[in-house]
Amino acid sequence: MPELPEVETARRTLEQLVVGKTIEDVTVRWHKIIKFDEGVESFINRLKGQTFRSIGRKGKFLLFYLDGDVLVSHLRMEGKFSVKPETEPSDKHTHVIFQLTNGEQLRYNDVRKFGTMHLFTEGQENDTPPLTLVGPEPFDEAFTLDYFKDKVQRSSRMIKNILLDQTVVAGLGNIYVDETLFKAGVHPERRGSSMEDMELVRIQQAAAETLLEAVEKGGSTIRSYVNSQGKIGTFQQQLLVYGQNGTPCPNCGREISKIKVGGRGTHICTSCQK
DNA sequence: ACCCAGCCCTGGGCGC
DNA sequence: TGCGCCCAGGGCTGGG
């Protein structure tokens with residue numbers, strides 16, 4: 001499940017693979033992925049002839065900058081891009097194909113069909129949902145303690161749910177939230193209003209550190225997720241609690257348990273996280 | 001204003 | 001072998 005580190009890894013890979021290449025045509029096999037008010041045909045027509053100029057990222061969104069337009073893509077659970085020769089057959093989970101003028105194809109593959117693509121005139125993307133709903137990333141200057149305190153301590157929500165809220169802090173998903181809360185020694189079901197300043201500082205540090213380390217390792221490869229080159233990240237090898245239920249806590253040796261928080265599988269050490 | 005359940009999807013794992 | 005069921009989950013929508 002791509003979170004910030006996996007999306008950043010995809011961004012870096014795609015930058016090497018598509019920048020400078022031109023879209024000749026687009027095939028959309030699953031229309032619901034395309035979130036464009038004027039319709040899929042119009043989406044396709046606007047993209048034809050545009051060249052990829054650069055690739056950015058905001059939270060978990062990929063931003064493909066073209067000639068005046070920006071394609072904004074969210075991979076959700078299992079979306080992935082790849083670049084293949086047009087002669088290579090596509091599989092049944094390839095839902096959007098960008099035919100490039102050099103004989104290659106940028107393909108969007110998504111088993112669950114949860115991913116989305118928006119198209120904006122460049123400059124308008126940040127003033128329109130979904131990007132207006134993306135808050136600061138853990139290592140952004142805007143993610144100050146005062147900002148974080150304001151969002152957390154006035155809330156009765158559970159801290160895990162607050163951290164998963166992309167308007168509060170962008171980039172964390174289920175895996176890295178569990179890792180962050182473990183490192184910070186905070187129980188995921190703690191209410192925002194009960195959080196002390198020092199605990200919030202620890203969470204901020206743990207979130208930034210966890211995401212940056214994971215980016216360095218190329219992200220985590222859990223279940224089917226592999227990056228655009230088909231290569232796998234290695235951060236899953238150093239996950240401290242996610243998916244580690246039943247194994248000893250790396251800190252105290254007691255068993256990691258798995259509970260449900262807000263409907264999501266949650267991994268904790270009940271002795272280290274209070 | 002806030003919060004949560006339900007929904008979108010499919011493949012894998014399970015019990016029978 | 002195959003069927004039915006449940007689970008995984010990010011973000012949006014609708015209802016309370």
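Every value quoted in this text rests on a predicted model; they were computed, and no experiment measured them. The chains referred to below are lettered A, B, ... by the order of the sequence lines, with proteins before strands, and numbering in each begins at 1.
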**Request:** Measure the distance from OH on A/Y108 to P on B/dC9 and round it to the nearest whole Å.
**Result:** 13 Å
**Request:** Using atom CG of A/L163 as one end and atom P of C/dG9 as the other, report the distance to the nearest whole Å.
**Result:** 16 Å
**Prompt:** Between A/R154 (CZ) and B/dC2 (C1'), how many Å, whole number?
**Reply:** 13 Å
**Request:** May I ask you to verify if any side-chain N or O of A/Y242 is less than 4.0 angstrom from the OP1 or OP2 atom of C/dA8?
**Result:** no
**Request:** Establish, with yes or no, whether the OP1 or OP2 oxygen of C/dG10 is under 4.0 angstrom from a side-chain nitrogen or oxygen of A/Q166.
**Result:** no
**Message:** How many whole angstroms separate atom CE of A/M77 from atom P of C/dC12?
**Reply:** 14 Å
**Prompt:** Given B/dA1, is OP1 or OP2 found less than 4.0 Å from the side-chain N or O atoms of A/S155?
**Reply:** no
**Request:** Answer yes or no: is there an ion pair linking A/R76 with A/D110, defined by an N-O contact shorter than 4.0 Å?
**Result:** no
**Atom pair distance, as rounded to whole Å: NZ in A/K32 and C1' in C/dC12** = 13 Å
**Message:** If the cut-off is 4.0 Å, is A/K113 near the phosphate of B/dT10, judged by side-chain N/O to OP1 or OP2?
**Reply:** yes
**Among B/dC4, C/dG11, C/dG9, the nucleotide that comes nearest once only the side chain of A/H74 is considered** = C/dG11
**Asked** Touch check for A/K258, heavy atoms < 4.0 angstrom, all strands: base, sugar-phosphate only, or nothing?
**Response** sugar-phosphate
**Prompt:** Would you call A/E24-A/K48 a salt bridge at under 4.0 Å N-O?
**Reply:** no
**Request:** Anything under 30° is parallel, anything over 60° is perpendicular, the rest tilted; go ahead and classify A/F81 against A/F98.
**Result:** tilted
**Asked** Base, sugar-phosphate, or nothing: which does A/G265 touch, judged by heavy atoms less than 4.0 Å apart?
**Response** sugar-phosphate
**Message:** Rounded to whole Å, please give me the gap between CG in A/D165 and P in C/dC12.
**Reply:** 10 Å
**Asked** Does a donor on one side chain sit under 3.5 Å from an acceptor on the other, for A/Q204 and A/Y147?
**Response** no
**Item:** Polar contact flag, side-chain donor to acceptor under 3.5 angstrom, A/N245-A/E255
**Value:** no
**Item:** Nearest to side-chain heavy atoms of A/S156, which nucleotide of B/dG11, C/dG10, B/dC3
**Value:** B/dC3
**Request:** Establish whether the base of C/dA8 is bridged to the side chain of A/R264 by a donor-acceptor pair shorter than 3.5 Å.
**Result:** no
**Complete:** Of A/K260 and A/L164, the one whose nearest nucleotide on DNA chain C sits closer to the 5' end is A/K260
**Message:** Can you tell me which nucleotide in C/dG11, B/dC3, B/dT10 comes closest to the side chain of A/R157?
**Reply:** B/dC3
**Prompt:** Taking the side chain of A/H93 as heavy atoms from C-beta outward, which of C/dG11, B/dT10, C/dG10 is closest to it?
**Reply:** B/dT10
**Request:** Answer yes or no: does a side-chain N or O of A/K35 lie under 4.0 Å from OP1 or OP2 of C/dC12?
**Result:** no
**Nearest-neighbour nucleotide for the A/L133 side chain, B/dT10, B/dC3, C/dC12 considered** = C/dC12
**Request:** Could you work out which one of B/dG11, C/dA8, B/dT10 sits closest to the side chain of A/K92?
**Result:** B/dG11
**Prompt:** For A/D37, does the CG atom have more than 12 heavy-atom neighbours from other residues, nucleotides or ligands under 6.0 Å away?
**Reply:** no
**Asked** Going by an N to O cut-off under 4.0 Å, is there a salt bridge joining A/R12 and A/E15?
**Response** no
**Asked** Rounded to whole angstrom units, what separation is found between the CZ atom of A/F114 and the C1' atom of C/dC7?
**Response** 12 Å
**Prompt:** If you look at every strand shown and take non-hydrogen atoms under 4.0 Å, does A/P130 touch a base, only sugar-phosphate, or nothing?
**Reply:** sugar-phosphate
**Item:** Residue A/R76, side-chain heavy atoms: nucleotide from C/dG11, B/dC3, C/dA8 that is nearest
**Value:** C/dG11
**Request:** Ignoring the backbone of A/N174, work out which of C/dG9, B/dC4, B/dC9 is nearest its side chain.
**Result:** C/dG9
**Prompt:** Given atom CD1 of A/I33 and atom C1' of C/dG11, what is their separation to the nearest angstrom?
**Reply:** 15 Å
**Prompt:** When we call it a touch if two heavy atoms are under 4.0 Å apart, what does A/T116 touch: a base, just sugar-phosphate, or nothing?
**Reply:** nothing
